[in-house]
Amino acid sequence: MAILERVKEHWITVTMYLVFSLFFLSACLVSVNTYGAIAQAQRDISLENPVEGADIVPHGDVNISFSIQLNNPSRYTLHVYTLSWYAKLVNASSTNDRVITVGDDYSGPTTYLEVPARTAITYTFWTVVSDPVVLEKLNGFINYSKGLGTEYTLETLPYEHSFSVIAMIGEFEHEYVREGYLNDIVTVDLRYSSLEGIF
Amino acid sequence: MGLMALLSAPPIAFMTFDFMFPNISTPSLEKNLMVVFLLSILTAIPSAYFTRRTDLAMVTVFLYTAVGYILAVALYSAPYTIFNLEEVLPAFYYALFFRFTIILLFLFILGGFIGTVFGQMIRDMIKREETALIFKDGKGT
(Lines give C-alpha, C1' and ligand atoms only; values in the text may rest on other atoms or scores of the structure.)
Protein backbone atom coordinates (compact mmCIF):
# COMPACT_ATOMS: atom_id res chain seq x y z
CA MET A 1 0.00 0.00 0.00
CA ALA A 2 2.85 2.35 0.85
CA ILE A 3 4.31 1.70 -2.61
CA LEU A 4 0.97 2.51 -4.26
CA GLU A 5 0.76 5.77 -2.36
CA ARG A 6 4.29 6.72 -3.42
CA VAL A 7 3.50 5.78 -7.04
CA LYS A 8 0.40 8.01 -6.89
CA GLU A 9 2.48 10.82 -5.45
CA HIS A 10 5.21 10.58 -8.11
CA TRP A 11 3.07 9.34 -11.02
CA ILE A 12 4.83 11.40 -13.70
CA THR A 13 8.28 10.15 -12.70
CA VAL A 14 7.04 6.57 -12.33
CA THR A 15 5.44 6.69 -15.81
CA MET A 16 8.64 8.03 -17.33
CA TYR A 17 10.63 5.30 -15.57
CA LEU A 18 8.24 2.59 -16.83
CA VAL A 19 8.33 3.91 -20.40
CA PHE A 20 12.14 4.02 -20.27
CA SER A 21 12.30 0.45 -18.99
CA LEU A 22 9.67 -0.90 -21.41
CA PHE A 23 11.41 0.75 -24.37
CA PHE A 24 14.63 -1.13 -23.66
CA LEU A 25 12.75 -4.34 -22.87
CA SER A 26 11.08 -4.12 -26.30
CA ALA A 27 14.45 -3.39 -27.92
CA CYS A 28 15.86 -6.51 -26.22
CA LEU A 29 12.97 -8.66 -27.52
CA VAL A 30 13.17 -7.29 -31.09
CA SER A 31 16.96 -7.73 -31.18
CA VAL A 32 16.91 -11.25 -29.81
CA ASN A 33 14.19 -12.16 -32.30
CA THR A 34 16.44 -10.91 -35.11
CA TYR A 35 19.36 -12.84 -33.65
CA GLY A 36 17.26 -16.02 -33.53
CA ALA A 37 16.04 -15.53 -37.10
CA ILE A 38 19.62 -15.08 -38.31
CA ALA A 39 20.75 -18.19 -36.48
CA GLN A 40 17.83 -20.10 -38.03
CA ALA A 41 18.74 -18.73 -41.47
CA GLN A 42 22.32 -19.91 -40.98
CA ARG A 43 20.98 -23.41 -40.27
CA ASP A 44 18.31 -23.54 -42.99
CA ILE A 45 19.95 -21.91 -46.02
CA SER A 46 21.36 -24.79 -48.00
CA LEU A 47 22.58 -26.15 -51.30
CA GLU A 48 20.50 -28.95 -52.75
CA ASN A 49 20.24 -31.26 -55.76
CA PRO A 50 23.64 -30.96 -57.42
CA VAL A 51 23.53 -32.39 -60.95
CA GLU A 52 26.69 -32.97 -62.98
CA GLY A 53 26.60 -33.72 -66.71
CA ALA A 54 28.79 -34.26 -69.76
CA ASP A 55 27.34 -34.73 -73.27
CA ILE A 56 28.79 -35.01 -76.73
CA VAL A 57 27.58 -32.18 -78.95
CA PRO A 58 27.99 -31.78 -82.78
CA HIS A 59 31.55 -31.75 -84.15
CA GLY A 60 32.68 -34.09 -81.37
CA ASP A 61 32.92 -31.35 -78.74
CA VAL A 62 31.88 -32.06 -75.17
CA ASN A 63 29.37 -30.03 -73.17
CA ILE A 64 30.22 -29.99 -69.45
CA SER A 65 27.31 -28.84 -67.27
CA PHE A 66 26.54 -28.41 -63.60
CA SER A 67 23.45 -27.22 -61.76
CA ILE A 68 22.69 -26.75 -58.07
CA GLN A 69 19.84 -25.26 -56.08
CA LEU A 70 20.34 -22.58 -53.42
CA ASN A 71 17.41 -22.81 -51.02
CA ASN A 72 16.61 -19.74 -48.89
CA PRO A 73 13.67 -20.46 -46.53
CA SER A 74 14.57 -17.53 -44.25
CA ARG A 75 12.73 -14.19 -44.02
CA TYR A 76 15.78 -12.33 -45.35
CA THR A 77 16.93 -11.71 -48.92
CA LEU A 78 20.33 -13.19 -49.65
CA HIS A 79 22.80 -10.91 -51.42
CA VAL A 80 25.29 -13.05 -53.29
CA TYR A 81 28.80 -11.77 -52.76
CA THR A 82 30.72 -14.31 -54.83
CA LEU A 83 29.62 -17.36 -56.76
CA SER A 84 32.05 -19.65 -58.51
CA TRP A 85 32.09 -22.92 -60.40
CA TYR A 86 35.11 -24.85 -61.52
CA ALA A 87 35.23 -28.15 -63.41
CA LYS A 88 38.41 -30.13 -63.97
CA LEU A 89 39.80 -33.56 -64.69
CA VAL A 90 42.67 -34.76 -62.53
CA ASN A 91 45.24 -36.78 -64.44
CA ALA A 92 47.50 -38.11 -61.68
CA SER A 93 49.74 -39.92 -64.16
CA SER A 94 50.78 -36.74 -65.98
CA THR A 95 53.77 -34.77 -64.81
CA ASN A 96 52.95 -31.60 -66.75
CA ASP A 97 49.15 -31.48 -66.87
CA ARG A 98 47.89 -32.97 -63.63
CA VAL A 99 44.80 -30.75 -63.69
CA ILE A 100 42.95 -30.32 -66.97
CA THR A 101 40.54 -27.40 -66.58
CA VAL A 102 37.36 -27.95 -68.57
CA GLY A 103 35.11 -25.14 -67.32
CA ASP A 104 34.78 -22.25 -64.87
CA ASP A 105 32.52 -19.33 -64.07
CA TYR A 106 32.58 -16.53 -61.51
CA SER A 107 30.25 -13.77 -60.37
CA GLY A 108 31.51 -11.03 -58.07
CA PRO A 109 29.77 -8.51 -55.81
CA THR A 110 29.13 -6.09 -58.66
CA THR A 111 26.79 -8.58 -60.36
CA TYR A 112 24.18 -7.92 -57.62
CA LEU A 113 22.73 -11.43 -57.61
CA GLU A 114 19.97 -11.94 -55.05
CA VAL A 115 17.96 -14.80 -53.65
CA PRO A 116 14.65 -13.40 -52.36
CA ALA A 117 13.24 -14.56 -49.01
CA ARG A 118 11.50 -17.95 -48.95
CA THR A 119 12.58 -18.95 -52.46
CA ALA A 120 14.98 -21.37 -54.10
CA ILE A 121 17.09 -20.52 -57.11
CA THR A 122 18.77 -23.04 -59.40
CA TYR A 123 22.13 -22.04 -60.79
CA THR A 124 23.13 -23.76 -64.02
CA PHE A 125 26.59 -23.59 -65.53
CA TRP A 126 27.80 -25.14 -68.77
CA THR A 127 30.69 -24.90 -71.12
CA VAL A 128 31.48 -26.52 -74.49
CA VAL A 129 34.99 -27.89 -74.60
CA SER A 130 36.03 -27.41 -78.20
CA ASP A 131 39.68 -26.47 -77.83
CA PRO A 132 41.64 -29.19 -79.70
CA VAL A 133 44.46 -29.00 -77.16
CA VAL A 134 42.09 -29.75 -74.23
CA LEU A 135 40.24 -32.42 -76.21
CA GLU A 136 43.55 -34.05 -77.02
CA LYS A 137 44.45 -34.15 -73.32
CA LEU A 138 41.08 -35.69 -72.49
CA ASN A 139 41.43 -38.31 -75.22
CA GLY A 140 44.96 -38.99 -74.00
CA PHE A 141 43.56 -39.69 -70.54
CA ILE A 142 40.94 -42.02 -72.07
CA ASN A 143 43.62 -43.93 -73.98
CA TYR A 144 45.92 -44.13 -70.97
CA SER A 145 43.07 -45.43 -68.79
CA LYS A 146 42.17 -48.02 -71.44
CA GLY A 147 45.72 -49.31 -71.14
CA LEU A 148 45.15 -49.75 -67.41
CA GLY A 149 41.88 -51.58 -68.02
CA THR A 150 39.34 -48.77 -67.36
CA GLU A 151 37.00 -47.80 -70.19
CA TYR A 152 36.08 -44.09 -70.34
CA THR A 153 34.42 -41.89 -72.94
CA LEU A 154 34.32 -38.08 -73.05
CA GLU A 155 30.90 -38.33 -71.38
CA THR A 156 31.92 -40.67 -68.57
CA LEU A 157 35.27 -39.16 -67.59
CA PRO A 158 35.52 -38.48 -63.81
CA TYR A 159 35.19 -34.69 -64.04
CA GLU A 160 35.39 -32.97 -60.67
CA HIS A 161 33.08 -30.02 -60.07
CA SER A 162 33.60 -27.43 -57.33
CA PHE A 163 31.02 -24.83 -56.48
CA SER A 164 31.03 -22.15 -53.82
CA VAL A 165 28.69 -19.35 -52.87
CA ILE A 166 29.25 -16.61 -50.30
CA ALA A 167 26.17 -14.52 -49.52
CA MET A 168 25.13 -11.87 -47.01
CA ILE A 169 21.90 -12.22 -45.06
CA GLY A 170 19.56 -9.22 -45.39
CA GLU A 171 20.78 -5.66 -45.15
CA PHE A 172 22.87 -6.10 -42.01
CA GLU A 173 26.22 -4.39 -41.94
CA HIS A 174 29.06 -6.81 -42.73
CA GLU A 175 32.17 -4.77 -43.37
CA TYR A 176 33.74 -4.67 -39.94
CA VAL A 177 37.52 -4.67 -39.91
CA ARG A 178 38.27 -5.46 -36.27
CA GLU A 179 35.13 -7.37 -35.25
CA GLY A 180 35.27 -10.13 -37.84
CA TYR A 181 32.70 -12.22 -35.94
CA LEU A 182 30.02 -9.63 -36.84
CA ASN A 183 30.68 -10.30 -40.53
CA ASP A 184 30.57 -14.05 -39.87
CA ILE A 185 27.13 -14.11 -38.26
CA VAL A 186 25.46 -12.55 -41.30
CA THR A 187 27.53 -14.42 -43.90
CA VAL A 188 26.54 -17.70 -45.51
CA ASP A 189 29.42 -19.70 -46.98
CA LEU A 190 28.30 -22.89 -48.75
CA ARG A 191 30.39 -25.20 -50.89
CA TYR A 192 30.05 -28.30 -52.99
CA SER A 193 32.65 -30.53 -54.49
CA SER A 194 32.27 -33.80 -56.39
CA LEU A 195 34.57 -35.54 -53.90
CA GLU A 196 33.23 -34.16 -50.62
CA GLY A 197 29.61 -33.35 -51.47
CA ILE A 198 27.85 -30.35 -49.90
CA PHE A 199 29.63 -28.82 -46.91
CA MET B 1 14.92 -2.01 -4.32
CA GLY B 2 14.08 -5.36 -5.94
CA LEU B 3 11.48 -3.73 -8.17
CA MET B 4 14.00 -1.09 -9.25
CA ALA B 5 16.59 -3.80 -9.93
CA LEU B 6 14.09 -5.36 -12.35
CA LEU B 7 12.96 -2.11 -13.98
CA SER B 8 16.49 -0.76 -14.52
CA ALA B 9 17.87 -4.09 -15.79
CA PRO B 10 16.51 -3.94 -19.42
CA PRO B 11 18.66 -0.93 -20.46
CA ILE B 12 21.75 -2.67 -19.07
CA ALA B 13 20.83 -5.91 -20.87
CA PHE B 14 20.17 -4.13 -24.14
CA MET B 15 23.37 -2.06 -24.03
CA THR B 16 25.41 -5.22 -23.37
CA PHE B 17 23.69 -7.21 -26.14
CA ASP B 18 23.97 -4.29 -28.53
CA PHE B 19 27.67 -3.91 -27.76
CA MET B 20 28.09 -7.55 -28.81
CA PHE B 21 25.92 -7.39 -31.95
CA PRO B 22 25.61 -3.76 -33.11
CA ASN B 23 24.80 -4.83 -36.67
CA ILE B 24 21.68 -6.85 -35.81
CA SER B 25 20.22 -5.05 -32.78
CA THR B 26 17.46 -2.44 -33.02
CA PRO B 27 18.03 0.45 -32.30
CA SER B 28 21.81 0.24 -32.29
CA LEU B 29 24.19 2.40 -30.29
CA GLU B 30 26.98 1.44 -32.74
CA LYS B 31 29.42 0.60 -29.92
CA ASN B 32 29.52 4.26 -28.87
CA LEU B 33 30.92 4.16 -25.32
CA MET B 34 29.97 7.77 -24.63
CA VAL B 35 26.31 7.01 -25.34
CA VAL B 36 26.57 3.88 -23.17
CA PHE B 37 28.02 5.96 -20.33
CA LEU B 38 25.33 8.64 -20.61
CA LEU B 39 22.60 6.00 -20.69
CA SER B 40 24.12 4.36 -17.58
CA ILE B 41 23.81 7.70 -15.78
CA LEU B 42 20.21 8.03 -16.93
CA THR B 43 19.42 4.46 -15.83
CA ALA B 44 20.66 5.15 -12.30
CA ILE B 45 18.68 8.37 -11.76
CA PRO B 46 15.37 6.69 -10.78
CA SER B 47 17.06 4.43 -8.21
CA ALA B 48 18.37 7.50 -6.37
CA TYR B 49 15.20 9.51 -6.92
CA PHE B 50 13.08 6.88 -5.21
CA THR B 51 15.61 5.85 -2.54
CA ARG B 52 16.21 8.24 0.31
CA ARG B 53 19.55 6.70 1.37
CA THR B 54 22.51 7.16 -0.96
CA ASP B 55 24.21 3.89 0.11
CA LEU B 56 21.05 1.92 -0.72
CA ALA B 57 20.81 3.66 -4.10
CA MET B 58 24.39 2.58 -4.80
CA VAL B 59 23.60 -1.01 -3.80
CA THR B 60 20.66 -0.83 -6.24
CA VAL B 61 23.15 0.12 -8.98
CA PHE B 62 25.08 -3.10 -8.28
CA LEU B 63 21.86 -5.10 -8.20
CA TYR B 64 20.38 -3.89 -11.48
CA THR B 65 23.76 -4.13 -13.22
CA ALA B 66 24.02 -7.77 -12.12
CA VAL B 67 20.43 -8.59 -13.17
CA GLY B 68 20.87 -6.77 -16.50
CA TYR B 69 24.16 -8.52 -17.26
CA ILE B 70 22.64 -11.93 -16.48
CA LEU B 71 19.71 -11.04 -18.76
CA ALA B 72 22.21 -10.09 -21.50
CA VAL B 73 23.89 -13.51 -21.18
CA ALA B 74 20.43 -15.10 -21.52
CA LEU B 75 19.70 -13.02 -24.65
CA TYR B 76 23.10 -13.94 -26.07
CA SER B 77 22.29 -17.63 -25.53
CA ALA B 78 18.78 -17.33 -27.00
CA PRO B 79 19.45 -19.12 -30.32
CA TYR B 80 20.58 -22.21 -28.40
CA THR B 81 18.18 -22.07 -25.48
CA ILE B 82 15.00 -20.79 -27.17
CA PHE B 83 15.44 -21.72 -30.83
CA ASN B 84 17.42 -24.91 -30.15
CA LEU B 85 20.09 -24.16 -32.73
CA GLU B 86 23.74 -25.00 -33.11
CA GLU B 87 26.40 -22.41 -32.41
CA VAL B 88 26.78 -19.81 -35.14
CA LEU B 89 30.07 -18.48 -33.92
CA PRO B 90 33.05 -20.76 -33.38
CA ALA B 91 34.46 -21.93 -30.06
CA PHE B 92 35.01 -19.71 -27.00
CA TYR B 93 31.48 -18.45 -27.41
CA TYR B 94 31.02 -17.16 -23.87
CA ALA B 95 34.70 -16.22 -23.51
CA LEU B 96 34.20 -13.89 -26.46
CA PHE B 97 31.15 -12.34 -24.81
CA PHE B 98 32.84 -11.75 -21.45
CA ARG B 99 36.01 -10.43 -23.09
CA PHE B 100 34.08 -7.90 -25.15
CA THR B 101 31.60 -6.72 -22.55
CA ILE B 102 33.63 -6.70 -19.30
CA ILE B 103 34.59 -3.04 -19.89
CA LEU B 104 30.89 -2.15 -19.94
CA LEU B 105 30.48 -3.28 -16.31
CA PHE B 106 32.89 -0.55 -15.21
CA LEU B 107 30.93 2.01 -17.22
CA PHE B 108 27.59 0.82 -15.83
CA ILE B 109 28.82 1.06 -12.23
CA LEU B 110 30.66 4.36 -12.68
CA GLY B 111 27.76 5.87 -14.63
CA GLY B 112 25.39 4.41 -12.06
CA PHE B 113 27.14 6.14 -9.16
CA ILE B 114 27.14 9.46 -11.01
CA GLY B 115 23.46 8.86 -11.82
CA THR B 116 22.61 8.34 -8.14
CA VAL B 117 24.16 11.73 -7.34
CA PHE B 118 22.10 13.34 -10.11
CA GLY B 119 18.95 11.52 -8.96
CA GLN B 120 19.35 12.77 -5.41
CA MET B 121 20.06 16.29 -6.64
CA ILE B 122 16.87 16.23 -8.70
CA ARG B 123 14.85 14.93 -5.75
CA ASP B 124 16.25 17.57 -3.37
CA MET B 125 15.63 20.27 -5.99
CA ILE B 126 11.98 19.23 -6.37
CA LYS B 127 11.58 18.99 -2.58
CA ARG B 128 13.00 22.51 -2.12
CA GLU B 129 10.69 23.83 -4.82
CA GLU B 130 7.67 22.15 -3.19
CA THR B 131 8.58 23.53 0.25
CA ALA B 132 9.06 27.01 -1.19
CA LEU B 133 5.66 26.82 -2.86
CA ILE B 134 3.98 25.59 0.34
CA PHE B 135 5.42 28.48 2.39
CA LYS B 136 4.62 30.93 -0.42
CA ASP B 137 0.94 29.97 -0.21
CA GLY B 138 1.05 30.31 3.54
CA LYS B 139 0.11 26.68 4.12
CA GLY B 140 3.32 25.90 6.00
CA THR B 141 2.90 28.55 8.63
Side-chain angles (χ1 to χ4, degrees), chain A residues 2-46 74-76 168-189, chain B residues 2-4 6-31 39 42-43 45-47 49-52 64 68 71-72 74-90 92-93 96-97 100 119 122-123 126 130:
Chain A
I3 288 179
L4 277 178
E5 272 175 27
R6 286 193 67 192
V7 166
K8 219 184 252 182
E9 191 186 343
H10 300 276
W11 68 272
I12 297 176
T13 328
V14 170
T15 310
M16 280 165 63
Y17 187 26
L18 280 175
V19 168
F20 179 74
S21 181
L22 286 175
F23 172 79
F24 281 103
L25 190 64
S26 315
C28 282
L29 293 175
V30 170
S31 302
V32 85
N33 181 271
T34 310
Y35 184 30
I38 287 172
Q40 271 177 324
Q42 288 278 6
R43 182 193 60 181
D44 296 339
I45 294 169
S46 59
S74 75
R75 68 188 196 202
Y76 300 107
M168 305 302 171
I169 300 172
E171 312 299 328
F172 301 106
E173 201 179 328
H174 54 263
E175 286 169 350
Y176 290 87
V177 179
R178 283 190 308 160
E179 294 95 349
Y181 72 98
L182 290 173
N183 304 333
D184 293 343
I185 60 166
V186 293
T187 304
V188 176
D189 185 354
Chain B
L3 192 66
M4 275 188 289
L6 288 178
L7 283 173
S8 296
I12 299 297
F14 177 74
M15 283 190 279
T16 311
F17 183 84
D18 175 59
F19 195 77
M20 204 61 212
F21 296 123
N23 57 340
I24 60 171
S25 62
T26 317
S28 178
L29 308 179
E30 300 291 347
K31 289 203 166 198
L39 266 176
L42 195 63
T43 309
I45 288 175
S47 63
Y49 183 85
F50 293 112
T51 313
R52 215 172 287 273
Y64 75 65
L71 188 59
L75 296 177
Y76 185 67
S77 325
Y80 325 112
T81 52
I82 300 172
F83 299 100
N84 198 24
L85 295 167
E86 297 286 313
E87 277 192 3
V88 180
L89 296 171
F92 301 115
Y93 188 67
L96 185 76
F97 178 82
F100 269 70
I122 291 168
R123 199 191 59 210
I126 291 170
E130 278 176 355

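Here is how names work: the chains are called A, B, and so on, in the same order as the sequence lines, proteins then strands, and each is numbered from 1.
- With ring centers used as reference points, B:Tyr49 lies 6.0 Å or more from A:Tyr17.
- For the atom pair A:Leu29 CG and B:Thr26 OG1, the distance stands at 11.5 Å (nearest 0.5 Å).
- Smallest separation of non-hydrogen atoms from A:Ser21 and B:Leu7: OG-O, 2.6 Å.
- Across A:Phe23, A:Phe172, A:Phe24, the residue that shares the most heavy-atom pairs under 4.5 angstrom with chain B is A:Phe24.
- Residues B:Phe21 and A:Thr34 fail the side-chain proximity criterion, which asks for heavy atoms closer than 4.5 Å.
- For B:Thr43, the parts lying under 4.5 angstrom from a heavy atom of chain A are both the backbone and the side chain.
- At least one side-chain heavy atom of B:Phe14 sits less than 4.5 Å from a side-chain heavy atom of A:Ser31.
- In this structure, chain B has heavy atoms under 4.5 Å from both the backbone and the side chain of A:Val14.
- Taking 4.5 Å as the limit, every side-chain heavy atom of B:Pro46 sits out of range of all side-chain heavy atoms of A:Phe20.
- Heavy atoms of A:Glu171 lying under 4.5 Å from chain B are absent altogether.
- B:Phe100 approaches A:Glu179 most closely through the heavy-atom pair CE2-CG, 4.0 Å.
- Both the backbone and the side chain of B:Phe50 come within less than 4.5 Å of a heavy atom in chain A.
- Atom CZ of B:Arg123 is separated from atom OG1 of A:Thr13 by 11.5 Å, given to the nearest 0.5 angstrom.
- In this structure, the side chains of A:Leu182 and B:Pro22 come closer than 4.5 Å at one or more pairs of heavy atoms.
- Put simply, CG on B:Asn23 and CD1 on A:Ile38 are 7.0 Å apart, with the number rounded to the nearest 0.5 Å.
- Interface remark: B:Met4 contributes backbone and side-chain atoms alike to the contact with chain A (heavy atom separation under 4.5 Å).
- In this structure, no portion of A:Leu22 lies under 4.5 Å from any heavy atom of chain B.
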